[in-house]
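Quick caveat: nothing in here was measured; it's all calculated off a predicted structure. Residue numbering restarts at 1 for every chain, and letters A, B, ... go by the order of the sequence lines.
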2 protein chains.
Amino acid sequence: MADQVMEKARVPRGAERLRIDKFTARRLELAEAALETLAELGYARTSLREIAQKSDFTHGVLHYYFTDKVDLITCCVRHYKAKCVTRYDQVTATAPTRDALLEGFLLKLAETLREEAGMHRLWYDLRAQALFEDVFREDVTEIDKSLEDMVWRVASRYAELGGKEPAVSRAALYAVFDGLFQKHLLRHLSNDERAIPELLDEVRRLLPMVA
Amino acid sequence: MADQVMEKARVPRGAERLRIDKFTARRLELAEAALETLAELGYARTSLREIAQKSDFTHGVLHYYFTDKVDLITCCVRHYKAKCVTRYDQVTATAPTRDALLEGFLLKLAETLREEAGMHRLWYDLRAQALFEDVFREDVTEIDKSLEDMVWRVASRYAELGGKEPAVSRAALYAVFDGLFQKHLLRHLSNDERAIPELLDEVRRLLPMVA
DNA sequence: GGAGATTCTGGATGCCTGTTCAGGAAAGGC
DNA sequence: GCCTTTCCTGAACAGGCATCCAGAATCTCC
């Protein structure tokens with residue numbers, strides 16, 4: 001059953017279409033539950049049984065909706081991506097001035113670090129797994145690209161509001177923000193309450209320099 | 001036996017000292033072997049049996065020299081640090097000009113990416129683990145700090161040779177180099193032969209901007 | 001060269017893993 | 001209401017895991 005989703009030969013209609021929608025909806029529901037467990041335990045320590053236990057289902061169901069563990073994790077990763085790559089777009093689109101954009105960005109950044117710490121440590125974990133397992137590489141590379149684009153949108157809009165252009169490459173821009181975020185995420189998870197303010201300080205100094 | 005290493009109350013002398021030295025030497029030997037396996041398989045997929053199989057010993061020995069798996073991995077991580085944290089110091093100390101320093105740094109960077117890819121993916125893996133397990137946090141934080149210092153030494157010497165001072169914070173400087181390295185490491189491991197030259201291009205453009 | 005400490009072996013144990021599957025429960029169609 | 005398809009359960013399986021440990025091998029020292 002699970003492979004019907006892959007079918008591309010013809011576009012299903014009516015009842016069959018409905019059934020497939022239900023199927024993928026449940027897949028997403030399970031992926032969502034899996035993400036929570038993964039965010040809590042990390043890739044290495046998360047088992048299918050554990051995932052099932054934290055959902056409303058038994059572990060057998062996971063093999064009804066997913067061909068195997070990799071299929072599940074891949075689904076999770078893709079689902080995660082859709083949720084987070086537009087995080088700063090609202091701010092970018094509406095901020096009227098350079099300063100407003102900076103402050104809006106900082107606010108969202110702090111909120112992300114505070115409330116999405118689990119998801120982000122999972123992302124760093126999975127990105128590290130991609131260094132070892134080819135199955136993850138394509139998805140991880142694509143997400144990394146999306147995040148790079150996201151950061152670029154913020155910075156180039158910030159530059160635009162100052163009548164300038166970003167002074168560094170996309171890759172370098174993403175690298176520095178990502179690196180700073182990761183560093184302060186670790187500090188934050190180590191209960192260092194200065195992590196968030198100091199991340200904001202870094203970014204506040206940095207953004208005007210690069211854009 | 002394994003805990004005698006921890007003993008701090010008095011400084012052992014003579015024969016006892018020799019015995020302890022032998023003990024820690026073997027620990028390091030085993031840690032070295034473990035690092036190779038870890039670099040190949042990653043933290044999540046490395047078992048003690050696998051480590052033992054790639055060394056000259058059986059899995060039982062690992063429990064003679066290490067109290068448990070965490071003890072072993074911690075020992076590995078510390079050992080790893082000592083090896084890589086002075087990588088660029090030779091170049092920094094001897095380069096006569098700004099350009100020579102840049103080119104020497106780039107050369108070493110390319111060499112590292114090419115020949116130490118395994119160790120570095122392990123580092124990124126373990127750093128991600130630290131986001132989940134407190135046992136690793138202290139060591140990982142310390143190594144990160146050492147790497148930050150290492151990058152800072154290069155950049156501030158580079159700035160000095162131009163009669164300048166680095167334009168960004170230590171944290172931001174490390175973040176951007178680390179982020180770029182990680183990105184191109186993934187590309188390199190994905191058999192992208194442009195990974196190394198493009199990393200060098202990035203750094204060549206970046207370093208004069210920040211220092 | 002022999003006694004005692006140290007080092008190493010490899011089988012045993014019990015737990016956890018992903019996956020399979022027979023069959024029960026629920027839903028859908030008529 | 002009944003039959004078929006879909007959905008879900010939980011036991012069973014084979015394999016891998018960290019850890020323990022009895023005893024063999026090796027080394028040390030007198």
Side-chain angles (χ1 to χ4, degrees), chain A residues 1-5 7 12-31 33-34 37-38 41-76 129 133 135-136, chain B residues 1-5 7 12-31 33-34 37-38 40-76 129 133 135:
Chain A
M1 304 283 153
D3 43 332
Q4 288 183 345
V5 171
E7 199 171 307
R13 302 237 164 263
E16 189 187 355
R17 175 63 200 279
L18 201 79
R19 192 171 54 77
I20 293 180
D21 281 354
K22 247 184 80 183
F23 189 81
T24 62
R26 170 79 14 123
R27 261 174 76 96
L28 247 57
E29 189 186 342
L30 289 166
T37 308
L38 283 163
L41 301 176
Y43 174 78
R45 286 161 294 283
T46 300
S47 69
L48 294 180
R49 286 177 150 82
E50 197 89 31
I51 290 171
Q53 205 159 9
K54 300 221 174 194
S55 78
D56 298 329
F57 303 92
T58 56
H59 65 274
V61 135
L62 291 171
H63 284 93
Y64 182 75
Y65 287 99
F66 300 94
T67 61
D68 58 9
K69 197 181 179 182
V70 167
D71 185 27
L72 167 61
I73 305 248
T74 304
C75 181
C76 287
Q129 296 315 309
E133 295 198 60
V135 249
F136 296 145
Chain B
M1 305 288 154
D3 43 331
Q4 290 186 343
V5 171
E7 200 172 305
R13 301 238 164 262
E16 189 186 356
R17 175 63 199 279
L18 201 79
R19 192 171 54 78
I20 294 181
D21 281 354
K22 246 184 82 184
F23 189 82
T24 62
R26 170 77 17 115
R27 262 173 75 97
L28 248 57
E29 188 185 342
L30 289 166
T37 308
L38 283 163
E40 190 184 327
L41 301 175
Y43 174 78
R45 286 161 294 282
T46 300
S47 70
L48 293 181
R49 283 179 146 79
E50 198 87 33
I51 291 171
Q53 207 158 10
K54 301 219 174 197
S55 77
D56 298 330
F57 302 92
T58 57
H59 64 273
V61 186
L62 290 172
H63 283 94
Y64 181 75
Y65 286 98
F66 300 94
T67 61
D68 58 9
K69 198 180 177 180
V70 168
D71 185 28
L72 168 60
I73 306 247
T74 304
C75 180
C76 287
Q129 297 314 309
E133 294 198 62
V135 250

Nearest-0.5 Å distance that lies between atom CG in B:L41 and atom CD in A:E133: 10.0 Å
With rounding to the nearest 0.5 Å, note down the distance linking CD in A:Q129 to CZ in B:R45. 5.0 Å
All N/O pairs under 3.5 Å across the protein-nucleotides 23-28 of chain C interface:
none

Please state whether the rings of A:Y64 and A:F23 are parallel, tilted or perpendicular, taking 30° and 60° as the class boundaries. perpendicular
Mind checking what makes side chain to side chain donor-acceptor pair (under 3.5 Å) contact with B:E50, not counting sequence neighbours? none
Going from CD1 on B:I73 to CG on B:D68, what distance comes out if it is rounded to the nearest 0.5 angstrom? 10.0 Å
State which residues pass side chain to side chain donor-acceptor pair (under 3.5 Å) with B:Q53; sequence neighbours excluded, sorted by chain then number. none
Using a 4.0 Å heavy-atom cut-off to protein, can you give one letter per nucleotide of nucleotides 10-19 of chain C, 5' to 3': B if the base is in contact, S if only the sugar-phosphate is, - if neither? BBB----SBB
With sequence neighbours left out, write down each residue that passes side chain to side chain donor-acceptor pair (under 3.5 Å) with A:K22, or none if nothing qualifies. none
Under 4.0 Å from OP1 or OP2 of C:dT20: is there any side-chain N or O of A:Y64 that close? no
Distance in angstrom units between A:L62 CG and D:dC8 C1', rounded: 11 Å
Distances for protein N/O vs nucleotides 22-26 of chain D N/O pairs under 3.5 angstrom?
none

Aromatic centroids of A:F136 and A:Y43 separated by under 6.0 Å: yes
To the nearest 0.5 Å, how far apart are CD in A:E29 and OH in A:Y65? 8.5 Å
Point-to-point distance, once rounded to the nearest 0.5 Å, from OG1 of B:T46 to CG of B:L38: 4.5 Å
Could you give the CD1-to-C1' distance, from B:I73 to D:dC17, as a whole number of Å? 14 Å
